[in-house]
Trainee: 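First the structure, which I've put down as structure tokens, then a few questions once you've had a look.
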Amino acid sequence: MLKIHNTLTGKKEAFEPLVPGTVRMYVCGVTVYDDSHIGHARSALVFDVLRRYLEYSGLRVTFAKNFTDVDDKIIKRANEQHVGCDAITAKYIQAYHDDMRRLGVRPASIEPRATEHMADIVRLTETLIAKGLAYQVDGDVYFDVAQYADYGRLSKRRVEDLQAGARVDVDERKRHPMDFALWKSAKPGEPSWPSPWGQGRPGWHIECSAMSIRHLGETFDIHGGGMDLIFPHHENEIAQSCGATGKEFARYWMHNGFVQVNQEKMSKSLGNFFTIREIFEKSEWPEAETGELLRYFLLGTQYRGPLDFSDQALKDAKHAVNGFYDLFARLAETGEPASGDAGVNPAIERCTAAFQSAMDDDMNTPMAIAALQGLRSDLNKLLAEGLSVDARRKGREAFRSLGQVLALFQLDQWAFNVEAGGHRSRASEVEIERQIAERTEAKKRKDFTRADAIRAELAAQGIAIEDKPDGTSRWKR
RNA sequence: GGCGCCGUACCCAAGUGGUAAGGGAGCAGUCUGCAAAACUGCGAUGCAGCGGUUCGAACCCGCUCGGCGCCUCCA
């Protein structure tokens with residue numbers, strides 16, 4: 001039984017989907033005007049893992065994640081570069097997809113864009129006006145916060161408090177400082193769409209209400225995003241959606257914590273900003289392995305807590321993940337039935353139970369990883385007793401099926417070595433095998449000087465050797 | 001001013017009332033021609049500090065200290 005920490009109530013609650021057997025979830029994606037950073041990566045991964053776990057649990061998931069493709073920042077960027085907004089959004093949607101692919105984050109089942117939902121947005125705005133929850137001023141439409149009694153329910157803020165702390169220049173035309181735009185009239189040179197209030201474009205919050213209702217229905221199960229979206233974005237979404245439909249909107253609200261650098265939120269002004277692209281490009285490891293390390297690192301902390309990113313953190317992850325792939329390499333070797341076989345199933349069952357109860361507890365991925373570490377340790381011990389090919393296959397399969405929930409342990413091999421200069425100078429496998437064969441011969445002759453020389457040569461190229469009991473050796477980069 | 005988060009061993013990180021998971025690093029040992037890997041052992045009498053509630057608190061309450069976030073665009 002999955003329990004989820006619901007921001008709405010501030011408590012862990014048993015998750016019960018509205019329609020048994022299916023889950024509808026919506027996650028706020030990105031505004032496509034720039035490369036995504038490691039913080040976006042965390043949010044995307046966390047909800048991808050949630051989706052994977054729900055599916056693993058036997059539920060059918062409809063997962064919508066939007067692209068905000070109308071926005072001030074996009075317009076600004078387009079003007080700076082003297083290109084159309086379309087060029088900017090197309091470029092960064094592509095970039096986002098590239099980043100997610102490298103990260104191993106699956107595409108959502110629906111990826112709606114604001115510009116493709118203008119009719120829904122206009123209709124929703126009309127409904128809010130008709131219900132007296134919104135008003136028109138010139139060509140703009142604002143949500144009337146004072147008319148919506150539950151405003152502040154999600155973020156636990158009171159309208160009066162917000163007023164006191166407001167630092168924004170108050171638009172005199174607004175009835176209340178906290179009123180927010182549903183529709184903005186077009187300024188020259190901006191993209192715009194027709195509406196009953198003239199040419200214009202939607203405010204930020206309305207698109208998510210319109211798109212989630214369109215694709216998931218008026219009431220759906222889970223709505224997620226980063227902590228910073230709680231206010232005002234999600235608060236406003238609730239006001240708009242519940243205001244318009246009179247029904248409950250999302251039933252469970254989930255928010256992931258921030259990725260920080262040196263205990264501080266990442267920001268461009270502090271110069272502590274890491275894009276996903278540059279992490280991959282600067283990585284000393286190949287792409288697939290870098291993605292694996294990033295995932296292991298990002299899931300090593302429970303999703304609601306803060307998480308500090310650094311090169312060292314990635315290296316720590318490398319050391320930890322190494323241990324798993326070293327085991328997988330051993331499991332891939334041949335073996336004969338032996339006393340260890342009997343222990344495999346119980347070990348897998350123990351791990352599976354621990355894994356599930358960790359994930360059930362508000363997606364406690366660090367604990368789930370600990371369960372996998374436990375299985376690693378168990379299998380290493382059983383391996384010492386001897387394991388048949390079949391038992392080894394079963395062991396590897398357990399890591400694949402459980403790891404799949406975390407997008408981990410799907411690689412066939414772990415082919416790199418950080419200490420020895422990375423992947424840039426690659427020796428061919430044939431050449432490596434040849435040298436290893438020569439070394440095996442040298443060892444047979446007890447010519448250890450020669451054997452050690454070959455080992456040193458390979459090490460200089462980033463090839464690590466492990467001798468097996470039968471006299472042959474395995475290697476890895 | 002309002003709302004909220006964090007502070008657990010050298011590092012990462014679970015645990016949120018019943019007597020401190022796990023990993024990485026380190027040290028010692030087993031194995032090995034030597035390594036590597038693996039395995040075994042060692043490592044917080046204490047969970048920022050001080051009070052309080054309780055038979056019992058890292059977990060609940062209060063205060064203090066330190067760090068951070070949101071209230072304006074933000075994953």
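Values in this document were obtained by computation on a predicted structure and should not be read as measured data. Throughout, protein chains are lettered first and strands after them, A, B, ... in sequence-line order, and every chain is numbered starting at 1.
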Trainee: Would you say Asp69(A) and Tyr92(A) are linked by a side-chain donor-acceptor pair, where the criterion is simply a distance under 3.5 Å?
Mentor: no

Trainee: Measure from the side-chain heavy atoms of Arg157(A) and tell me the nearest of C71(B), G23(B), A21(B).
Mentor: C71(B)

Trainee: Considering just the side-chain nitrogens and oxygens of Ser155(A), establish if one lies under 4.0 Å of OP1 or OP2 belonging to C3(B).
Mentor: no

Trainee: Sticking with atom P, work out how far A28(B) lies from G66(B), rounded to a whole angstrom.
Mentor: 41 Å

Trainee: Any idea which of C70(B), C68(B), G15(B) is nearest the Gln260(A) side chain?
Mentor: C68(B)

Trainee: Please figure out whether Asp326(A) or Gly39(A) has its closest RNA chain B nucleotide nearer the 5' end.
Mentor: Asp326(A)

Trainee: Under the salt bridge (Lys or Arg N to Asp or Glu O under 4.0 Å) criterion, do Lys315(A) and Asp311(A) qualify, and how do the steps go?
Mentor: CA-CA 6 Å; Lys315(A) 285 182 179 154; Asp311(A) 289 346; over 6 Å; no

Trainee: Is any side-chain N or O of Asn256(A) closer than 4.0 Å to OP1 or OP2 of A75(B)?
Mentor: no

Trainee: Is there a side-chain polar atom (N or O) of Lys468(A) under 4.0 Å from OP1 or OP2 of U32(B)?
Mentor: no

Trainee: In whole Å, I'd like the distance from the CZ atom of Phe448(A) to the C1' atom of U32(B).
Mentor: 10 Å

Trainee: Could you measure between the two P atoms, the one in A75(B) and the one in G67(B), and give it in whole Å?
Mentor: 27 Å

Trainee: Could you walk me through whether Phe63(A) and Phe47(A) pass ring pair (Phe, Tyr, Trp, His ring centres under 6.0 Å), step by step?
Mentor: CA-CA 9 Å; Phe63(A) 176 25; Phe47(A) 291 106; 7.7 Å; no

Trainee: If you measure from the P atom in G1(B) to the same atom in U64(B), how many Å do you get, rounded?
Mentor: 12 Å

Trainee: CG of Asp228(A) versus P of G4(B): gap in Å, rounded?
Mentor: 17 Å

Trainee: Starting at NZ of Lys156(A) and ending at P of C70(B), how long is that distance when rounded to a whole Å?
Mentor: 18 Å

Trainee: Which nucleotide in the set A14(B), G24(B), A38(B) lies at the smallest distance from any side-chain heavy atom of Met367(A)?
Mentor: A14(B)

Trainee: Starting the side chain at C-beta, find the nucleotide from G22(B), A75(B), A13(B) nearest to Thr301(A).
Mentor: A13(B)

Trainee: When you check the gap from the basic side-chain N to the acidic O, do Lys381(A) and Glu385(A) get nearer than 4.0 Å?
Mentor: no

Trainee: For a salt bridge (charged side-chain N to carboxylate O under 4.0 Å, His left out) with Asp362(A), tell me which candidate from Lys12(A), Arg304(A), Lys11(A) qualifies.
Mentor: Arg304(A)

Trainee: Whom does G26(B) pair with, Watson-Crick or G-U wobble, provided both distances fall under 3.5 Å?
Mentor: C42(B)

Trainee: Less than 4.0 angstrom between a side-chain N/O of His319(A) and OP1 or OP2 of G24(B), yes or no?
Mentor: no

Trainee: For atom C1', what is the distance between G49(B) and G41(B), given to the nearest Å?
Mentor: 35 Å

Trainee: Counting only side-chain N and O atoms of Arg376(A), is one of them less than 4.0 Å from OP1 or OP2 of G24(B)?
Mentor: yes

Trainee: Reading RNA chain B from 5' onward, which residue's closest nucleotide shows up sooner: Asn364(A) or Gln312(A)?
Mentor: Gln312(A)

Trainee: Counting only side-chain heavy atoms from C-beta out, which of A75(B), A38(B), G33(B) sits nearest to Ala451(A)?
Mentor: G33(B)

Trainee: In whole Å, I'd like the distance from the CG atom of Asp71(A) to the C1' atom of U72(B).
Mentor: 13 Å

Trainee: By nearest atom, which of the nucleotides G22(B), U40(B), G24(B) is closest to the Ala320(A) side chain?
Mentor: G24(B)

Trainee: Just checking, any donor-acceptor pair under 3.5 angstrom between side chains of Gln240(A) and Asn236(A)?
Mentor: no

Trainee: Side chain of Arg455(A), base of A35(B): donor and acceptor closer than 3.5 Å?
Mentor: yes

Trainee: Classify the side chain of Asp452(A) versus the base of G33(B) as yes if they form a donor-acceptor pair under 3.5 Å and no if they do not.
Mentor: yes

Trainee: So which nucleotide from G69(B), A13(B), G33(B) ends up closest to the side chain of Pro366(A)?
Mentor: A13(B)

Trainee: C71(B) P sits how many Å from His234(A) NE2, rounded?
Mentor: 14 Å

Trainee: Rounded to the nearest angstrom, tell me the gap between atom OH in Tyr151(A) and atom P in C3(B).
Mentor: 17 Å

Trainee: Got a donor-acceptor pair under 3.5 Å from the side chain of Asp467(A) to the base of C34(B)?
Mentor: yes

Trainee: Above 12 or not: heavy atoms from other molecules or residues under 6.0 Å from NZ of Lys444(A)?
Mentor: no

Trainee: Compare the minimum distances between each of C34(B), C11(B), A75(B) and the side chain of Ser43(A), then state the nucleotide with the smallest one.
Mentor: A75(B)

Trainee: To the nearest Å, how far apart are Phe297(A) CZ and G22(B) P?
Mentor: 23 Å

Trainee: Identify whether the distance between the nearest side-chain nitrogen and carboxylate oxygen of Arg330(A) and Glu333(A) falls below 4.0 Å.
Mentor: no

Trainee: Please report the distance separating the C1' of C12(B) from the corresponding atom of A25(B), rounded so that it comes out in whole Å.
Mentor: 10 Å

Trainee: Find the distance His5(A):NE2 to U16(B):P and express it as a whole number of Å.
Mentor: 14 Å

Trainee: Of the nucleotides C70(B), G23(B), A36(B), which one has an atom closest to the side chain of Phe231(A)?
Mentor: C70(B)

Trainee: Counting only side-chain heavy atoms from C-beta out, which of G22(B), C6(B), C11(B) sits nearest to Ala370(A)?
Mentor: G22(B)

